[in-house]
Amino acid sequence: MSRIGKKAIPVPAGVTASIEGKTMSVKGPKGTLTLAMRDEISYSVEDGSISVQPANDTKQARAFWGMQRTLVANLVTGVTEGFTKKLLITGVGYRAAAQGRNLKLQLGYSHDVDIAVPEGLEVKTPDNTTVEISGADKQKVGQLAAEIRRWRKPEPYKGKGIKYDGEFIFRKEGKKK
């Protein structure tokens, strides 16, 4: 039995959830999100909550149960509060600047790195070494943060690079004489 899957997902006021065919859509103040429903799982929207149960007693249905419940909970959280990832840039001359629907990064290459911001996401640069990505879809926010980080991962000797806020970088000792 999935401990996470057993819990019903509360739907706050101002949020509506509906099931049409094989998709569940959740509409709220930050937009509308949809999820393709699995055949192994049965979803039901009752008064003020969404419940997720396995449709049968197969191993595959039990395996999908908790994850599908978490995905539905992420839809509800996304349309109400949204998700945010914060990236910190460390290094001499490394900086970022948001320009409309683009993010311009200077990361020590011979060229600037321009990253297009997908629809539904918002990128802010409070200062030139911090990037904040926010949006309703948790997967899109995390994917864009990973793509930005991939340009210059933090290195273990000086700690230069792009890291997540709160990420611990294991530091190594340099050469000894």
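Here the straight-line distance linking atom CD1 of I133 with atom CG of L121 works out to 7.5 Å at 0.5 Å rounding. A distance of 14.0 Å separates OG of S51 from NZ of K6, quoted to the nearest 0.5 Å. Here the OG atom belonging to S44 is positioned 7.0 Å from the CD1 atom belonging to I19, to the nearest 0.5 angstrom. Here the straight-line distance linking atom OG1 of T77 with atom NZ of K138 works out to 8.0 Å at 0.5 Å rounding.
With a 4.5 Å cut-off on side-chain heavy atoms, D137 and L33 count as touching. Under the 4.5 Å side-chain criterion, counting only non-hydrogen atoms from C-beta, P118 is in contact with L144. Within the 4.5 Å cutoff, the side chain of I162 has no heavy atoms near those of the K153 side chain. Taking the side chain as every heavy atom from C-beta outward, I115 and L105 approach each other to under 4.5 Å. Counting only heavy atoms from C-beta outward, the side chains of V123 and V131 approach each other to under 4.5 Å. Q53 is not listed as a side-chain neighbour of I41, based on a closest heavy-atom distance of 4.5 Å or more. Residues K85 and L87 fail the side-chain proximity criterion, which asks for heavy atoms closer than 4.5 Å. When side chains are defined from C-beta on, V76 counts as touching P12, because their heavy atoms get closer than 4.5 Å.
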Applying side chain to side chain contact (heavy atoms under 4.5 Å, CB included) to T130 and K86, what does each step give before you reach the verdict? CA-CA 7 Å; T130 306; K86 189 174 180 182; 3.5 Å; yes
If you apply the rule side chain to side chain contact (heavy atoms under 4.5 Å, CB included), what do you find for N102 with K104, and how did you get there? CA-CA 6 Å; N102 284 329; K104 184 178 285 286; over 6 Å; no
Can you list the steps and then say if S18 with M24 is a side chain to side chain contact (heavy atoms under 4.5 Å, CB included)? CA-CA 6 Å; S18 60; M24 172 180 282; over 6 Å; no
What do the steps show when you test F83 against N74 for side chain to side chain contact (heavy atoms under 4.5 Å, CB included), and what is the final call? CA-CA 9 Å; F83 294 98; N74 285 344; 4.1 Å; yes
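Under the 4.5 Å side-chain heavy-atom criterion for Ile, Leu, Val, Met, Phe, Trp and Tyr, I169 and I89 are members of distinct hydrophobic clusters. The hydrophobic cluster containing L88 does not contain V113, counting ILVMFWY residues as joined when their side-chain heavy atoms lie under 4.5 angstrom apart, directly or transitively.
Shortest non-hydrogen contact noted between T34 and L75 is O-CD2, 4.1 Å. Closest of all the heavy-atom pairs between V15 and G28 is CG2-CA, 4.3 Å. Across all non-hydrogen atoms, the minimal contact from V141 to G135 is CG2-N, 3.6 Å. Nearest approach of L103 to V117, heavy atoms of both residues: N-CG2, 4.5 Å. Smallest separation of non-hydrogen atoms from G14 and P29: O-CD, 4.1 Å. Between Y94 and T129 the shortest heavy-atom distance is O-CG2, 4.2 Å.
Within 6.0 Å of OH on Y109 lie more than 12 heavy atoms contributed by other residues, nucleotides or ligands. Heavy atoms of other residues, nucleotides or ligands lying less than 6.0 angstrom from NZ of K163 number more than 12. Counting non-hydrogen atoms of other residues, nucleotides and ligands closer than 6.0 Å to CD of E173 gives a total of 12 or fewer.
Checking side-chain atoms of E167 against main-chain N and O of Y164 turns up a donor-acceptor pair under 3.5 Å. Side chain of R62 to backbone of D57: a donor-acceptor contact under 3.5 angstrom is found. Formation of a donor-acceptor pair under 3.5 Å by the T125 side chain with backbone atoms of N128 is not found in this model.
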Distance-only donor-acceptor pairs under 3.5 Å for side chains of residues 66-73, two or more places apart:
{"residue": "Q68", "atom": "OE1", "partner": "Y43", "partner atom": "OH", "Å": "2.8"}
{"residue": "R69", "atom": "NE", "partner": "I4", "partner atom": "O", "Å": "3.2"}
{"residue": "R69", "atom": "NE", "partner": "K7", "partner atom": "O", "Å": "3.1"}
{"residue": "T70", "atom": "OG1", "partner": "G66", "partner atom": "O", "Å": "3.0"}

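Among residue pairs with one or both ends in residues 21-41, those qualifying as salt bridge (Lys or Arg N to Asp or Glu O under 4.0 Å) are K22-D39, R38-E40; sequence neighbours excluded.
Salt bridge status for K172 with E155: absent, with no side-chain N to carboxylate O gap under 4.0 Å. A salt bridge does not link D127 with R95: none of the charged nitrogens is closer than 4.0 Å to a carboxylate oxygen.
With 3.5 Å as the limit, one finds no donor-acceptor pair spanning the side chains of E132 and S134.
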